[in-house]
Amino acid sequence: MAEYIPSTSDWVREQVELYEGSGGTQGLTLRDTGLPVIIVTNTGRRTGAVRKTPLMRVADGKDYILVASRGGAPKHPVWYYNLKAEPNVEIRDETLVQSMRVREVPDSSERQRLWDIAVAAFPPYQEYQDKTDRLIPVFIAEATA
Ligand code: F42
């Protein structure tokens, strides 16, 4: 089993530890917003390490929409490149853990549909997109079973 290397961001690392350490019963929301979060376990594309990335929970039926917003930063978060290199991930949604496969959805009417669902679930995504000229990547995660 590859080594788990925590995020370099303290608040993120702590959320993962509380969320997973409690078996998906605590640390389930983005700070005090009450908005639900999922944990995406992915593979470092350079280190091969286990990386754990909390993201807002945006569901499309049984699928999840993953938004590489990183607060509207000028560059994509590096987990974006991990997912492009290795699309097989594990998604924890509270106590449910599933093997899933992700695919990036290119700019299209499908992406617009998914984007609208994401913004409805987490309105700041639109503010992030408005403050950067990179097109914030959208992935769909589908169950592999
Ligand atoms: N981020 C989002 O983009 N969208 C969200 O909806 C979101 C929600 C959210 C909710 C709760 C929470 O706690 C965090 C949330 N975040 C959200 C933040 C998210 O979890 C990530 O922290 C953020 O998106 C930044 O991702 P990142 O992958 O850029 O993380 C950085 C800080 C990081 O950990 N960098 C590591 C480092 O050492 O600098 C490297 C990590 C890595 O994967 N390295 C790869 C490897 O091989 O191991 C190499 C990557 C490469 O190509 O260089």
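Just so it is clear, the values below take in all heavy atoms, side chains as well, and ignore hydrogens, waters and symmetry mates. Each ligand, and each atom within it, is numbered from 1 in the order the structure gives.
With hydrogens left out, the protein atom closest to atom 22 (O) of ligand 1 is Val12 CG2, 3.6 Å, a heavy atom. The closest protein non-hydrogen atom to atom 53 (O) of ligand 1 is Arg46 NE, 3.1 Å. Protein heavy atom at the shortest distance from atom 20 (O) of ligand 1 is Pro54 O, 2.8 Å. Counting protein heavy atoms only, atom 31 (C) of ligand 1 is closest to Thr8 OG1, 4.0 Å. Atom 1 (N) of ligand 1 has as its closest protein heavy atom Leu55 CD2, 3.7 Å.
Every atom of ligand 1 with a heavy atom of Trp79 under 4.0 Å away is listed here by number and element: 3 (O), 24 (O), 26 (O), 27 (P), 28 (O). For ligand 1, the atoms lying closer than 4.0 Å to a non-hydrogen atom of Leu30 are 10 (C), 11 (C). Of all atoms in ligand 1, numbered sequentially from 1 with element shown, those under 4.0 Å from a heavy atom of Ser7 are 34 (O). Within ligand 1, the atoms closer than 4.0 Å to a non-hydrogen atom of Arg70 are 2 (C), 3 (O), numbered from 1 in the order shown.
Of the N and O atoms on the side chains of Asn88 and Arg101, at least one donor lies less than 3.5 Å from an acceptor on the other residue.
Using a 4.0 Å cut-off between heavy atoms, Gln15 contacts ligand 1 through its side chain alone, with no backbone atom that close. Counting heavy atoms closer than 4.0 Å to ligand 1, residue Thr47 contributes atoms from both its backbone and its side chain. Residue Asn82 touches ligand 1 through its side chain alone, judged by heavy-atom distances below 4.0 Å. For Tyr125, every heavy-atom contact with ligand 1 shorter than 4.0 Å involves the side chain, none the backbone. Under 4.0 angstrom from ligand 1, the non-hydrogen atoms of Ser69 come from both its backbone and its side chain.
Side-chain rings of Tyr64 and Phe139 stay apart, their centers remaining 6.0 Å or farther from each other.
Judged purely by atom type and a 3.5 angstrom limit, Ser22 uses its side chain to pair as donor or acceptor with the backbone of Thr25. With Gln15 contributing its side chain and Thr29 its backbone, the two residues share a donor-acceptor pair below 3.5 Å.
Some N or O of Val78 is nearer than 3.5 Å to an N or O of ligand 1, by distance alone. In terms of polar-atom proximity, Arg51 is counted as a contact of ligand 1, with an N or O under 3.5 Å from an N or O of the ligand. An N or O contact shorter than 3.5 Å links Arg45 to ligand 1 by distance. Considering backbone and side-chain N/O atoms, Pro77 never comes within less than 3.5 Å of an N/O atom of ligand 1. The distance criterion of under 3.5 Å between nitrogen or oxygen atoms is not met by Ala68 with respect to ligand 1.
Side-chain contact check for Gln129 versus Val119: every heavy-atom pair is 4.5 Å or farther apart. Inter-residue side-chain proximity for Ile5 and Val50 is flagged as unmet; no heavy-atom pair is nearer than 4.5 Å. Here the side chains of Arg113 and Asp60 are in contact, with some heavy-atom distance below 4.5 Å.
The pair Lys84-Glu104 meets the salt-bridge criterion, since a charged nitrogen lies less than 4.0 angstrom from a carboxylate oxygen. Ionic pairing of Glu17 and Arg13 is present here: one or more N-O contacts between side-chain nitrogen and carboxylate oxygen are shorter than 4.0 angstrom.
Of the candidates Arg57, Glu20, Glu90, Glu20 is the only one forming a side-chain contact (heavy atoms from CB on, under 4.5 Å) with Ile39.
Both tests hold for Arg31 against Trp11: distance to the six-membered ring centre under 6.0 Å, angle to the ring axis within 45°.
Ring planes of Tyr125 and Phe122: perpendicular class, angle over 60° (limits at 30 and 60°).
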